[in-house]
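Atom set for the values below is all heavy atoms of this structure, side chains included, hydrogens, waters and symmetry mates excluded.
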Amino acid sequence: LYGLRLLVFTLSRLRHPGFAGRRAGTAAAHGALPAPIKVLLWLQTATLFTFQALTTYALARGEVGLTPVVSVGAALMVVGLVVEAVADRQKQAAKHADAQAWVSTGVFARSRHPNYAAEIVVQTGLVVCAVGSALATGSWGWAFAGLVLSPVYIVLLMLSATTGAELAKQAKYGDDPAYQDYVARSGALLPRRG
C-alpha cells in the first residue's frame, strides 16, 4: 500500500504543470550527475527499500504473529499513510488552483508539512513493528539493526526536508504578511492551535 500510494502520487505530480519547474530542476541535476553516482544512489535506494520490506516479510512468513506491539506499529503505519495521502491530495488540489501560492487549507491549516509529519508516523510504525518482531522472535541482532536503520534514515531525511522546505518557503514568501501570519499560527510538523 505504501509503494502504491507513493507511485500514484508521483505519477500524478509528474503530470501536473505546477511542478514543471521542479521537474526541470530535477532533470538538470540528474543530467549533471556522473554515472557512478547514479548507480550508487540506485543501490542506496534499493538497499533502503529492502530493509523497509524486512519487517513485512517476517510477518508474512509467519515468524511473528500479530502481537500487541506489532498491532500498534501497524496502526501507526495506517494512520500515517492515510494522513499522508490526504495531505498529498489536498496539496495537489491547491496547486492545481494556484501553482504559485503556499498551501494553507485542509490539513495544512495548522501544519506546514503534514505530509512529512505523516511519513515520520509511518516510519515510526515500522520501527515499532520491528521491535514487536524482535520481541516475538528474540532476534535482536543484525536483522533487527537492518529493520530499524532504514526507517530512522527516512525520519532524518524528513526532518532535513522540512528544514529545507521551510527555508525555501521563507525565501519565496517571507515578505508576505499573510505568510508570516500563517507561520505564526501553524507548526512546521506538528499541528499548532491557531
Side-chain angles (χ1 to χ4, degrees), residues 1-23 25-26 45 48-49 51-53 55-56 59 66 68-130 132 150-170 172-173 176 178-194:
L1 289 175
Y2 175 82
L4 182 61
R5 191 212 65 78
L6 192 57
L7 176 67
V8 169
F9 166 74
T10 302
L11 291 176
S12 173
R13 187 174 183 172
L14 286 174
R15 291 192 323 254
H16 188 272
F19 290 97
R22 183 174 280 183
R23 272 193 316 273
T26 300
T45 303
L48 186 68
F49 281 108
F51 282 135
Q52 288 269 299
T55 300
T56 306
L59 292 168
L66 199 56
V69 176
V70 171
S71 297
V72 167
L76 284 170
M77 291 174 71
V78 168
V79 167
L81 278 171
V82 168
V83 172
E84 189 173 18
V86 167
D88 287 343
R89 183 170 288 297
Q90 288 178 356
K91 185 173 185 177
Q92 284 185 341
K95 289 296 184 179
H96 278 293
D98 185 357
Q100 298 306 312
W102 68 88
V103 182
S104 61
T105 58
V107 294
F108 288 86
R110 300 287 175 230
S111 171
R112 295 186 299 280
H113 307 284
N115 45 348
Y116 294 164
E119 180 65 31
I120 290 170
V121 171
V122 169
Q123 299 305 319
T124 301
L126 194 58
V127 169
V128 171
C129 283
S150 177
V152 168
Y153 173 79
I154 292 177
V155 167
L156 294 174
L157 187 65
M158 291 297 104
L159 293 173
S160 174
T162 300
T163 301
E166 285 290 291
L167 293 172
K169 284 183 177 182
Q170 189 62 35
K172 187 172 183 178
Y173 307 116
D176 188 332
Y179 179 72
Q180 291 304 324
D181 179 56
Y182 171 61
V183 169
R185 71 177 195 285
S186 63
L189 284 172
L190 297 177
R192 183 183 295 166
R193 289 182 177 228

Closest approach of [X] and [Y], non-hydrogen atoms and distance?
X	Y	value
Ala165	His113	CB-CE1, 3.4 Å
Phe108	Ala87	CE1-O, 3.2 Å
Gly73	Cys129	C-SG, 3.6 Å

Exercise for review: Quick one: do Val70 and Val128 satisfy side chain to side chain contact (heavy atoms under 4.5 Å, CB included)? Show the steps, please.
Suggested key: CA-CA 7 Å; Val70 171; Val128 171; over 6 Å; no

Backbone of [Y] reached by a side-chain donor or acceptor of [X] within 3.5 Å:
X	Y	result
Tyr182	Val103	yes
Ser111	Val107	no
Arg192	Ala184	yes

Review point. Should the heavy atoms of other residues, nucleotides or ligands under 6.0 Å from CG of Leu190 be counted, would the total exceed 12?
Key: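 For Leu190, atom CG is not crowded (no more than 12 foreign heavy atoms under 6.0 Å).
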
Review point. Checking side chain to side chain contact (heavy atoms under 4.5 Å, CB included) against Thr124, which of Leu126, Val121, Val127, Ile120 comes through?
Key: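 Of Leu126, Val121, Val127, Ile120, side chain to side chain contact (heavy atoms under 4.5 Å, CB included) with Thr124 is met by Ile120 alone.
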
Check your understanding: Just checking, is any N or O donor in the side chain of Arg112 or Ser186 under 3.5 Å from an acceptor N or O on the other one?
Key ->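 Yes, Ser186 and Arg112 have a side-chain donor paired with an acceptor closer than 3.5 Å.
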
**Study point:** Gln123 side chain to Glu119 side chain, donor-acceptor N/O pair below 3.5 angstrom
**Key:**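 Note: Gln123 and Glu119 side chains meet the donor-acceptor criterion.
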
Check your understanding: Heavy-atom distance under 4.5 Å between the side chains of Leu76 and Val122, does that happen here?
Key ->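 In short, these two side chains do not touch, never coming nearer than 4.5 Å.
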
Approximate separation, where rounding is to 0.5 Å, of [X] [atom1] and [Y] [atom2]:
X	Y	atom1	atom2	answer
Asn115	Arg89	CG	CZ	14.0 Å
Ile154	Ser160	CD1	OG	13.5 Å
Gln100	Lys95	CD	NZ	7.0 Å
Thr105	Lys91	OG1	NZ	12.0 Å

Practice item. Go through the steps for Val86 and Gln90 under the test side chain to side chain contact (heavy atoms under 4.5 Å, CB included), then give the verdict. Key: CA-CA 6 Å; Val86 167; Gln90 288 178 356; 3.5 Å; yes

**Study point:** Test side-chain hydrogen bond (donor to acceptor under 3.5 Å, both in side chains) applied to Asp181 - qualifying residues, sequence neighbours left out
**Key:**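 Asp181 satisfies side-chain hydrogen bond (donor to acceptor under 3.5 Å, both in side chains) with Arg185 only.
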
Practice item. Not counting sequence neighbours, which residues clear ring pair (Phe, Tyr, Trp, His ring centres under 6.0 Å) with Tyr173? List them please. Key: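 Only Trp102, Tyr179 meet the ring pair (Phe, Tyr, Trp, His ring centres under 6.0 Å) criterion with Tyr173.
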
